[in-house]
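Notes for the one structure printed next.
One is the number of the first residue; the rest follow in order along the sequence.
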Amino acid sequence: MTKTALITGASRGLGAALAEALAPTHHIIAVARTTGALEELDDRIQAKGGATTLAPMDITNADAMAVLCRGIHDRWGSLDLWLHTAVHAAPLAPADHIDTKDMAKSVAGNITATSTLITYISPLLGQSGTAVFFDDPRNSQKFFGAYAATKSAQIALARAWAAETAKIGPQIRIVTPEPMPTATRARFFPGEDRSALSDPHAQAAAVLAQL
């Protein structure tokens, strides 16, 4: 029976690298807002003999996520793996200058959407599935207030879920990848020497080795 892997934030960076790494053994359900990047991912996976289901949608759209999860249930009955790489990276700003709209988008993308997805996806994972979250600790770093606060809250949700399901499943894993030359990091550190950063494909292999 074909294994299934849902990747939220699959169009680029670590999400895309994880999709390509898992494609030989899993049917990939790839979620992201950028249709073109998802189609390019699909081309790469198909060229290697893999298969994907593309879901170009915004994870903050609860109705769309509900339809997606119902579709997964109707087609496969369950889900083996969920990797949540999607994140909203608000512009860096001093804590007393954070834009209200930027904070609202951070809360919606990093906290509310994660909480909603957990409620939708948990029944699909059942007792034997695995969910993976990706930490990026930036607490107390100047100008990272909106991102750090909401990313920390996301990981707090994941840690609570992990404690609650430790004996009954699903398995919840939280990993901290090394810095990578992603679009999110480029927003935070423009002009950085990206040659010193870890390749997303290498990090994807390291993450999957931990599982």
Side-chain angles (χ1 to χ4, degrees), residues 2-23 26-46 50-91 101-126 129-134 136 146-147 150-151 153-155 157-158 161 170 172 180 182-187 200 204 207:
T2 302
K3 291 185 177 181
T4 51
L6 169 64
I7 303 176
T8 39
S11 60
R12 297 186 177 91
L14 181 60
L18 286 164
E20 292 182 62
L22 284 165
H26 291 69
H27 182 95
I28 305 300
I29 304 154
V31 177
R33 291 180 297 179
T34 310
T35 301
L38 284 177
E39 291 174 344
E40 291 172 3
L41 172 67
D42 184 45
D43 289 342
R44 295 195 299 273
I45 289 177
Q46 286 197 40
T52 61
T53 295
L54 303 184
M57 53 185 65
D58 189 335
I59 63 167
T60 65
N61 185 331
D63 290 340
M65 292 298 102
V67 170
L68 173 66
C69 291
R70 179 54 189 261
I72 293 171
H73 175 270
D74 290 346
R75 182 172 177 181
W76 292 286
S78 63
L79 187 65
D80 295 293
L81 186 60
W82 172 34
L83 299 116
H84 187 44
T85 65
V87 67
H88 178 73
K101 291 182 179 179
D102 287 335
M103 179 57 87
K105 288 181 180 179
S106 297
V107 170
N110 298 339
I111 305 175
T112 306
T114 301
S115 178
T116 300
L117 285 167
I118 288 172
T119 63
Y120 290 170
I121 294 171
S122 180
L124 294 172
L125 293 172
T130 300
V132 187
F133 296 86
F134 300 87
D136 183 16
Y147 175 78
T150 54
K151 185 63 177 175
Q154 179 191 85
I155 298 303
L157 276 170
W161 191 22
I172 313 304
M180 295 167 285
T182 61
T184 297
R185 187 173 178 87
R187 293 185 65 184
V207 167

Atom pair [atom1] ([X]) and [atom2] ([Y]), whose distance is rounded to the nearest 0.5 Å:
| X | Y | atom1 | atom2 | value |
| --- | --- | --- | --- | --- |
| Ile121 | Thr8 | CD1 | OG1 | 6.0 Å |
| Ile72 | Thr4 | CD1 | OG1 | 7.5 Å |
| Leu54 | Ser11 | CG | OG | 11.0 Å |
| Leu6 | Leu117 | CG | CG | 8.0 Å |

Heavy-atom donor-acceptor pair, Thr85 side chain to Gly9 backbone, under 3.5 Å: yes
Polar side-chain atom of Ser115 near backbone of Thr112 as donor-acceptor pair, under 3.5 Å: no
Can you name the residues that form a side-chain hydrogen bond (donor to acceptor under 3.5 Å, both in side chains) with [X], not counting sequence neighbours?
| X | value |
| --- | --- |
| Thr114 | His84, Gln154 |
| Glu39 | none |
| Asp58 | Thr60 |

Not counting sequence neighbours, which residues clear side-chain contact (heavy atoms from CB on, under 4.5 Å) with [X]? List them please.
| X | answer |
| --- | --- |
| Ala158 | Phe133, Ile174 |
| Ala186 | Arg194 |
| Ala5 | Leu22, His26, Ile28, Leu81 |

Stepwise side-chain contact (heavy atoms from CB on, under 4.5 Å) check, Val87 with Tyr147: CA-CA 9 Å; Val87 67; Tyr147 175 78; 3.7 Å; yes
Quick one: closest heavy-atom pair of [X] and [Y], and the distance?
| X | Y | answer |
| --- | --- | --- |
| Ala66 | Tyr120 | N-CE1, 3.6 Å |
| Ala30 | Leu38 | CB-CD2, 3.8 Å |
| Leu41 | Ala10 | CD2-O, 3.4 Å |
| Ile111 | Ala153 | CD1-CB, 3.5 Å |
| Pro170 | Gly129 | CB-O, 3.2 Å |
| Ile45 | Ala23 | CG2-CB, 3.6 Å |

Please, which pairs that meet salt bridge (charged side-chain N to carboxylate O under 4.0 Å, His left out) have at least one residue in [range], sequence neighbours excluded?
| range | answer |
| --- | --- |
| residues 68-81 | Arg70-Asp74 |
| residues 29-38 | none |
| residues 8-23 | Glu20-Arg44, Glu20-Lys48 |

Audit row: Val132, Leu18, side-chain contact (heavy atoms from CB on, under 4.5 Å) steps and yes/no: CA-CA 11 Å; Val132 187; Leu18 286 164; over 6 Å; no
All ring-ring contact (aromatic ring centres under 6.0 Å, His included) counterparts of Trp76, not counting sequence neighbours: His27
Qualifying residues under ring-ring contact (aromatic ring centres under 6.0 Å, His included), relative to Phe134, sequence neighbours excluded: none
Option from Thr184, Asn110, Thr150 for which side-chain contact (heavy atoms from CB on, under 4.5 Å) with His88 holds: Asn110
Within-4.5 Å side-chain heavy-atom neighbours: Ile118 and Trp82: yes
Sequence neighbours left out, cut at 3.5 Å: what donor-acceptor pairs do the side chains of residues 101-109 make with other protein atoms?
{"from": "Ser106", "atom 1": "OG", "to": "Asp102", "atom 2": "O", "distance (Å)": "2.9"}

Worked check of side-chain contact (heavy atoms from CB on, under 4.5 Å) between Met65 and Met57: CA-CA 8 Å; Met65 292 298 102; Met57 53 185 65; 3.1 Å; yes
